[in-house]
A.B. asks: 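Could you have a look at this structure, given as structure tokens, before my questions?
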Amino acid sequence: MVRIPWLKADVETAAKRLLGCELWATLHGGVVRLRIVETEAYHQTDAASHSYKGKTPRTEVMFGPAGHVYVYFSYGMHYCMNIVTGESGEGSAVLIRAAEPLGGIGLLRANRPGIADPQLINGPAKLCKALGVDKTWNGHDLSKPPFKLIERPALKPDQVVQTTRIGISQAKDVPWRFYIKNSPFISKA
DNA sequence: CTCTGGATTGAC
DNA sequence: TCAATCCAGAGG
């Protein structure tokens, strides 16, 4: 059951709306709270999306209900985390690229020893590493503990920057990356 | 079965 | 600038 109605809206709207929302996770017995500051939208009709060529075993959860986590493994060493959006049957999701620690930062540091705070979670794979997210979380419903998405009021439009996505070779021109203006926690521009 | 390239990161 | 290091997806 989706408790956040706008997650079922179009993926561009959802990507924008996820900025400022929080992720709460239980880690090593403590609670970590993050504020999402950077997102990217991916859709079935988008050549850069894993769902572009239709449903496959890997992308199955992208086609499932909104509000679940889609985790994929890449470059032989990294995990990245998405939040599934849209109606079931539609292959869309929002990549969480960076966040701001609100609580439990010590637990994040424990997962990334030797890394300075500004680099703790300012990238999609860094975020997963710090949160201990791997494929075992693929498909998890974010309305349930121990890993939850908490809705927050929408940001004012002038606080949101819209630009092109990072690290892709297809559809480079599609402006589906969003981040909170002036946030020091976004990934490298 | 084999081959290719990637929604990245951090060390040089 | 580039290696690390695996696997999904495509083609045979």
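If you're wondering where the values come from, they're calculated on a predicted model, not measured in any experiment. Only heavy atoms go into these numbers, but all of them, side chains included; no hydrogens, no water, no symmetry mates.
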A.B. asks: In terms of ring plane angle, is the pair Phe147(A) and His140(A) parallel, tilted or perpendicular, where the classes change at 30° and 60°?
C.D. replies: parallel

A.B. asks: Out of dA7(B), dA4(C), dC7(C), which nucleotide sits closest to the side chain of Met77(A)?
C.D. replies: dA4(C)

A.B. asks: To the nearest Å, how far apart are Glu60(A) CD and dA8(C) P?
C.D. replies: 13 Å

A.B. asks: Roughly how many Å apart are dC2(C) and dG5(B), using the C1' atom of each and rounding to a whole number?
C.D. replies: 16 Å

A.B. asks: Starting from C1' on dT8(B), measure out to CD1 on Ile121(A) and report it in whole angstrom.
C.D. replies: 16 Å

A.B. asks: Is the shortest side-chain N/O distance from Ser169(A) to OP1 or OP2 of dG6(B) below 4.0 Å?
C.D. replies: yes

A.B. asks: Could you give the OH-to-P distance, from Tyr75(A) to dG10(B), as a whole number of Å?
C.D. replies: 14 Å

A.B. asks: In whole angstrom, give the distance that lies between atom CZ of Arg112(A) and atom C1' of dG10(B).
C.D. replies: 9 Å

A.B. asks: Using a cut-off of 4.0 Å on non-hydrogen atoms, how would the nucleic acid contact of Leu95(A) be classed: base, sugar-phosphate, or nothing?
C.D. replies: base

A.B. asks: Could you give the CG-to-P distance, from Asn122(A) to dT8(B), as a whole number of Å?
C.D. replies: 13 Å

A.B. asks: Looking at Ala41(A), is its backbone amide N or carbonyl O close enough to the side chain of Arg165(A) to form a donor-acceptor pair, meaning the two atoms are under 3.5 Å apart?
C.D. replies: yes

A.B. asks: Under a 3.5 Å threshold, yes or no: a donor from one side chain and an acceptor from the other, between Ser187(A) and Glu38(A)?
C.D. replies: yes

A.B. asks: Using Watson-Crick or G-U wobble geometry with both distances below 3.5 Å, tell me the partner of dA7(B), or none.
C.D. replies: none

A.B. asks: Lys135(A) side chain: which of dT8(B), dA8(C), dG10(B) is closest?
C.D. replies: dA8(C)

A.B. asks: Is any side-chain nitrogen or oxygen of Lys126(A) closer than 4.0 Å to OP1 or OP2 of dG10(B)?
C.D. replies: yes

A.B. asks: At less than 3.5 Å, do the side-chain atoms of His50(A) and the base atoms of dA8(C) form a donor-acceptor pair?
C.D. replies: no

A.B. asks: Please determine whether the number of non-hydrogen atoms from other residues, nucleotides or ligands lying under 6.0 Å from atom NZ of Lys129(A) exceeds 12.
C.D. replies: no

A.B. asks: Do you see a donor-acceptor pair shorter than 3.5 Å between the side chains of Asp10(A) and His43(A)?
C.D. replies: no

A.B. asks: Please determine whether any donor N or O and acceptor N or O are separated by less than 3.5 Å between the side chain of Tyr72(A) and the base of dA7(B).
C.D. replies: yes

A.B. asks: Within this structure, what is the CE-to-C1' distance between Met81(A) and dT8(B), rounded to whole angstrom?
C.D. replies: 16 Å

A.B. asks: I want to confirm an ordering. Mapping Asn82(A) and Ile115(A) to their closest nucleotides on DNA chain B, which one lands closer to the 5' end?
C.D. replies: Asn82(A)

A.B. asks: Calculate the interatomic distance between Gln170(A) atom CD and dG9(C) atom P; express it in whole Å.
C.D. replies: 15 Å

A.B. asks: From OH of Tyr79(A) over to P of dG6(B), roughly how many Å is that when rounded to an integer?
C.D. replies: 20 Å

A.B. asks: What's Arg58(A) touching, base or sugar-phosphate or nothing? Going by heavy atoms closer than 4.0 Å.
C.D. replies: sugar-phosphate

A.B. asks: Of all the heavy-atom pairs spanning Ala98(A) and Phe185(A), show the shortest one and how long it is.
C.D. replies: CB-O, 3.5 Å

A.B. asks: Establish, with yes or no, whether the OP1 or OP2 oxygen of dA7(B) is under 4.0 angstrom from a side-chain nitrogen or oxygen of Arg177(A).
C.D. replies: no

A.B. asks: Checking contacts here: which listed nucleotide (dA10(C), dG6(B), dA7(B)) is nearest the side-chain heavy atoms of Lys53(A)?
C.D. replies: dA10(C)

A.B. asks: Does Tyr42(A) reach a base, just sugar-phosphate, or nothing at all? Heavy atoms under 4.0 Å.
C.D. replies: base

A.B. asks: Tell me what Ala48(A) touches on the nucleic acid: a base, only sugar-phosphate, or nothing, going by heavy atoms under 4.0 Å.
C.D. replies: base

A.B. asks: Could you tell me whether the phosphate oxygens of dG6(B), OP1 or OP2, come under 4.0 Å of any side-chain nitrogen or oxygen in Ser74(A)?
C.D. replies: no

